[in-house]
Amino acid sequence: MQLDPAFSCRPSLYFPRRAGRPTCGESPTHEAFNVQGLKSELMVTALSCSAQDRYNAFVTKFRPKLAEEEGRLDRYFRSNYGRAASRQRDDYVTQLANVQSKGGVQAGTVFCAQRMQMFDEIDALKDGADLSHYAEGKDIAQPESFESCSGPRNTTARAQQHRRRRSAKH
């Protein structure tokens, strides 16, 4: 069985979350990143441990919540990156999968034994709110680029201000 193509990602280069980093607190966007991280971790586990059917069951069970969080991520990237939103989001998803895959390689043969239990834990969850709480409680690796609580600066707004100042001078 293959993974649901609507929830796939490309490989790339990653940096894992470091212990002791401050948390950003709760916000809808932070929740979306947590759920995205969990989804990616489950996908990496499914691919590494031949558990695609378990991953597909997860996607089916939580499809509405996953779609809601995908929408939040889309809005975050659009508001922060403007026209470059799609590329920046793709880069994030790629980096996320890579940092999690790297963790799997480093764990070696115990990776599947450690990670497969997450599917059992997910099966016990009742709804999207449970999924969000679960994702918040897990130590899911995120790319280094996500490790800032303030998020990236909105370069589109900065560029527009610069253009306005330049045209006001002429």
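We're numbering straight along the sequence, starting at 1.
Taking both residues in full, the closest heavy atoms of Leu66 and Val59 are given as CD1-CA, 3.9 Å, listed atom of the first, atom of the second, then distance. Nearest approach of Phe119 to Ala51, heavy atoms of both residues: CE1-CB, 4.3 Å. The two residues Tyr55 and Ala46 have their closest heavy-atom pair at CB-CB, 3.5 Å. Heavy atoms only, all atoms of each residue included: Leu38 and Met118 are closest at CD1-CE, 4.1 Å.
A donor-acceptor pair is defined here as one N or O able to donate and one able to accept, closer than 3.5 Å; no such pair exists between the side chain of Glu69 and the backbone of Phe33. Using a distance-only test at 3.5 Å, with no hydrogens or angles considered, no donor-acceptor pair links the side chain of Lys138 to the main chain of Asn34. Judged by distance alone, the side chain of Ser40 and the main-chain N or O of Gln36 form no donor-acceptor pair under 3.5 Å.
Side-chain contact between Arg72 and Glu31: present, with at least one pair of heavy atoms (C-beta onward) separated by less than 4.5 Å. Residues Leu125 and Glu121 have side chains not in contact (no heavy-atom distance under 4.5 Å, counting atoms from C-beta outward). Looking at heavy atoms from C-beta onward, Gln100 lies out of side-chain contact with Met43 at the 4.5 angstrom threshold. Using a 4.5 Å cut-off on side-chain heavy atoms (C-beta onward), Asn80 and Tyr76 make contact. Side-chain atoms of Ile122 and Phe62, non-hydrogen and from C-beta on, do get closer than 4.5 Å to each other. In this structure the side chain of Val93 never reaches within 4.5 angstrom of the side chain of Leu73, judged on heavy atoms.
When each of Arg75, Arg89, Lys65 is checked for a side-chain hydrogen bond (donor to acceptor under 3.5 Å, both in side chains) with Glu70, only Arg89 meets the rule.
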Q.
Would Asp127 and Lys61 count as a salt bridge (Lys or Arg N to Asp or Glu O under 4.0 Å) here? Give the steps.
A. CA-CA 8 Å; Asp127 56 24; Lys61 180 177 182 178; over 6 Å; no

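The stretch residues 106-119 participates, sequence neighbours left out, in these salt bridge (charged side-chain N to carboxylate O under 4.0 Å, His left out) pairs: Glu41-Arg115.
The aromatic rings of Phe77 and Tyr81 sit parallel to each other, their planes meeting at less than 30°, with 60° as the upper class boundary.
To the nearest 0.5 Å, atom OG of residue Ser86 and atom CG of residue Asp74 are 8.5 Å apart. With rounding to the nearest 0.5 angstrom, the CD atom of Gln117 is 10.5 Å from the OG1 atom of Thr45.
Listed by chain and number, the residues in a side-chain contact (heavy atoms from CB on, under 4.5 Å) with Ser48 are Val44, Phe111 (sequence neighbours excluded).
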